[in-house]
Asks: 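Here it is, the structure in full.
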Protein chains: 2
Amino acid sequence: MTEFPGLSIAAVERDTGLSKDTLRVWERRYGFPKPLRDIFGERLYSAAEVDKLRCIKRLLDQGFRPSKLIDSSTEELTKLLESPRDAVAGIRELPSELASILDLVKLHRSDALRGLLTQTLMKHGLQQFVAAIAAPLNQRIGEAWMRGEIGVTEEHLYTELLQNTLRSAINAYPIHGLRPKVLLTTLPGEEHSLGLLMAEAMLVPEGARCVSLGIQTPLSDILLAARSGEVDVVALSFSAAYPVRHAVEGLTSLRGLLPEATALWAGGEGVRGRQRSLPNTRVIEGIDDTLAALREWRTARLDN
Amino acid sequence: MTEFPGLSIAAVERDTGLSKDTLRVWERRYGFPKPLRDIFGERLYSAAEVDKLRCIKRLLDQGFRPSKLIDSSTEELTKLLESPRDAVAGIRELPSELASILDLVKLHRSDALRGLLTQTLMKHGLQQFVAAIAAPLNQRIGEAWMRGEIGVTEEHLYTELLQNTLRSAINAYPIHGLRPKVLLTTLPGEEHSLGLLMAEAMLVPEGARCVSLGIQTPLSDILLAARSGEVDVVALSFSAAYPVRHAVEGLTSLRGLLPEATALWAGGEGVRGRQRSLPNTRVIEGIDDTLAALREWRTARLDN
DNA sequence: GTCAACGTTTTGTCCTGGACAATATCGCCA
DNA sequence: TGGCGATATTGTCCAGGACAAAACGTTGAC
């Protein structure tokens with residue numbers, strides 16, 4: 001490896017998501033980061049500094065304040081990232097925004113809805129937004145549709161706009177980590193993609209490397225992709241509408257064909273409470289449980 | 001509607017792709033843009049300024065220099081954008097990027113692919129990206145899939161990532177204009193959503209107000225939405241896989257049921273060359289034709 | 001006339017250091 | 001315990017200076 005000189009401030013902005021202004025003001029106030037300068041006084045950030053900045057950014061998104069983090073070492077920060085994840089499960093009463101969104105859906109106020117979704121996402125961060133807003137909302141919308149309170153149009157509109165919001169946020173994450181590499185998709189016949197998208201939204205901020213294939217990938221192609229791509233986890237989503245029998249059959253046969261080292265996760269209403277029928281498969285009970293599954297995978301990997 | 005005060009510099013950066021630094025230095029050097037200031041001296045850009053900036057950015061991407069453009073009116077810039085698109089921007093050497101993207105798809109390099117898509121989009125602007133990159137690429141991928149050169153996995157991966165990229169860009173447009181209000185969807189049975197997304201991506205930068213319902217909206221619900229929502233145009237997308245007979249039948253019956261004042265557009269491979277069978281429906285031949293259809297609607301509206 | 005080399009202009013990005021709005025945190029009192 | 005000002009923290013904005021990289025224009029040799 002040739003000694004690399006360092007990253008420019010623009011590169012660090014892209015890689016960490018911290019604005020140039022923020023990087024400069026931190027240096028002024030806290031003395032970190034303290035990048036070298038090139039011949040002409042421009043900042044050159046080291047790889048170590050960028051790593052630490054990435055950790056800090058992630059903790060920031062979880063509600064920590066910069067001053068509490070900036071003096072810690074990268075190791076301490078990493079530990080903090082892994083262990084005490086109550087922050088996400090914490091604050092749990094956001095019914096006001098939830099109701100507002102639901103109202104806008106019923107009124108077809110698509111512009112306002114788009115704005116409110118984005119705004120709510122910004123305010124709570126991606127994971128909180130998914131866990132506390134999007135997931136409950138999906139359920140409400142589904143119920144309302146069953147009761148005939150809302151029509152197909154409203155449900156479609158909501159799905160589209162939520163998809164835009166989530167995909168924007170996912171796409172904006174500068175670096176999708178390394179391990180585990182998670183392959184996300186659904187079996188043929190499953191029409192719903194929101195579950196997949198929500199799972200991806202939970203995983204990406206944790207530094208998991210997500211590869212989504214969207215819905216309806218044939219079993220043989222899932223296997224092919226999992227084998228050729230050095231995939232650590234195959235994650236499938238099943239909506240309430242998916243026949244349980246198909247889900248269990250598909251998962252069992254997939255489990256038999258996948259390499260033993262590859263984990264298999266199954267989530268969504270369609271498999272809720274089916275852990276007993278699915279040995280060697282991790283059934284994810286509710287969107288929060290995604291993070292638990294991830295933590296389990298990581299600790300298991302440390303022991304080996 | 002309440003009079004909106006203006007956009008902050010951060011909003012304009014997101015909206016136009018011009019950095020804050022660039023915006024400030026242009027103001028200093030050229031005297032444009034010259035935004036108002038709020039109580040506390042912060043810039044507030046008007047909608048007109050942002051429109052002009054968008055034009056300039058697009059021309060910049062085509063090889064013009066700022067100093068030659070900055071004194072022209074928005075009308076002159078628009079004319080420049082429309083007429084000599086192929087003459088000046090004869091720089092149609094996009095096959096290199098196209099080939100790179102195709103290679104990355106084949107190699108499953110999802111992270112690199114994501115980066116390249118975003119980067120290419122930034123470089124060419126949303127509309128150019130769709131017309132010159134995304135649309136041809138779709139065709140290539142489709143052909144390669146038919147010939148067995150690529151598998152389901154690759155095609156799914158490509159679709160997902162392109163969707164992320166386009167939805168991010170669409171979602172980033174802060175103000176979706178006012179007229180025409182366009183309702184985008186597909187008839188039941190259509191599985192492909194990329195055509196819809198590309199159409200939306202072409203329309204949104206033109207100031208059309210797009211409401212997408214995603215795929216597979218029943219005819220009755222399309223009618224309901226069109227009537228209740230004061231929709232000017234209903235736009236449907238048909239992939240090559242969609243049975244022509246169904247398309248023609250669906251469109252004909254929809255045309256009969258929609259108010260006369262509501263325009264009906266149909267696009268995609270599935271209806272290409274079918275204008276003769278579809279009176280009072282505007283068949284959109286190719287993605288570029290979307291803009292022509294929009295222009296027609298607007299001039300027709302002026303005459304009335 | 002073509003093309004390479006070199007000086008000039010244009011243009012985007014980076015710099016410093018100051019300021020302030022928005023938000024979080026703390027201390028107080030009911 | 002819970003509301004509510006005071007205070008501290010933090011991100012973003014501003015001005016104006018500077019310079020590297022790229023585009024442009026000119027010259028001269030072949």
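The structure presented is a predicted model; accordingly, all values stated were derived computationally and were not measured. Order of the sequence lines sets the chain letters (A, B, ...), proteins ahead of strands, with each chain counted from 1. The analysis underlying the following values was restricted to heavy atoms, covering all of them including side chains, and did not include hydrogens, waters or symmetry mates.
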Asks: Here's a test of your reading of the structure: between K68(A) and D21(B), which maps to the more 5' nucleotide of DNA chain D?
Replies: K68(A)

Asks: Say whether, by atom type as modelled, one donor and one acceptor occur between the side chain of K52(A) and the main chain of S72(A) under 3.5 angstrom.
Replies: yes

Asks: Where the side chain of A10(B) is concerned, which of dT11(C), dT10(D), dC13(D) is the nearest nucleotide?
Replies: dC13(D)

Asks: How would you label the contact of L18(A) with the nucleic acid (heavy atoms, under 4.0 Å): base, sugar-phosphate, or nothing?
Replies: nothing

Asks: Is the closest side-chain donor-acceptor distance between Q128(B) and R58(B) under 3.5 Å?
Replies: no

Asks: What integer distance in Å separates L69(A):CG from dT10(D):C1'?
Replies: 13 Å

Asks: Strictly below 4.0 Å, heavy-atom distances to any atom of DNA chain C: list the hits from residues 30-37 of chain A, or just say none.
Replies: R37(A)

Asks: Could you tell me whether the phosphate oxygens of dC15(C), OP1 or OP2, come under 4.0 Å of any side-chain nitrogen or oxygen in R43(A)?
Replies: yes

Asks: For A292(B), does its backbone N or O pair with a side-chain atom of D289(B) as donor and acceptor, under 3.5 Å?
Replies: no

Asks: Report the distance from atom CZ of F40(A) to atom P of dA18(D), rounded to the nearest whole Å.
Replies: 10 Å

Asks: Counting only side-chain nitrogens and oxygens, does R28(A) get under 4.0 Å of the OP1 or OP2 atom of dT16(C)?
Replies: no

Asks: Report the residues that fulfil side chain to side chain donor-acceptor pair (under 3.5 Å) with R37(A), sequence neighbours left out, ordered by chain and then residue number.
Replies: E27(A)

Asks: Using atom CG of D38(B) as one end and atom P of dT12(D) as the other, report the distance to the nearest whole Å.
Replies: 16 Å

Asks: Could you check E42(B) against V25(B) and say which one's nearest nucleotide on DNA chain C is further toward the 5' end?
Replies: V25(B)

Asks: Quick one: is K20(B) getting a side-chain N or O under 4.0 Å of the dC13(D) phosphate, OP1 or OP2?
Replies: yes

Asks: Indicate whether any N or O donor in one side chain lies under 3.5 Å from an N or O acceptor in the other, for T22(B) and S19(B).
Replies: yes

Asks: Does dT11(C) have its OP1 or OP2 closer than 4.0 Å to a side-chain nitrogen or oxygen of T22(B)?
Replies: no

Asks: Could you give me the CA-CA distance, side-chain angles and deciding distance for N138(A) and Y158(A), then say whether side-chain hydrogen bond (donor to acceptor under 3.5 Å, both in side chains) is met?
Replies: CA-CA 9 Å; N138(A) 282 350; Y158(A) 163 75; 2.7 Å; yes

Asks: Okay, side chain of E206(A), backbone of L294(A): is any donor-acceptor separation there less than 3.5 Å?
Replies: no

Asks: Rounding to a whole Å, what distance do you find between E13(B):CD and dT13(C):P?
Replies: 10 Å

Asks: Just the rounded figure in Å: distance from P of dC15(C) to CZ of R24(A).
Replies: 5 Å

Asks: Grab the CD1-C1' distance between I70(A) and dT9(D) for me, whole Å please.
Replies: 12 Å

Asks: Kindly say if S67(B) contacts the phosphate of dT11(C), meaning a side-chain N or O under 4.0 Å from OP1 or OP2.
Replies: yes

Asks: Please give, in whole Å, the distance from dT12(D) P to I9(B) CD1?
Replies: 13 Å

Asks: Write down the distance between CZ (R29(A)) and C1' (dT16(C)), rounded to a whole number of angstrom.
Replies: 14 Å

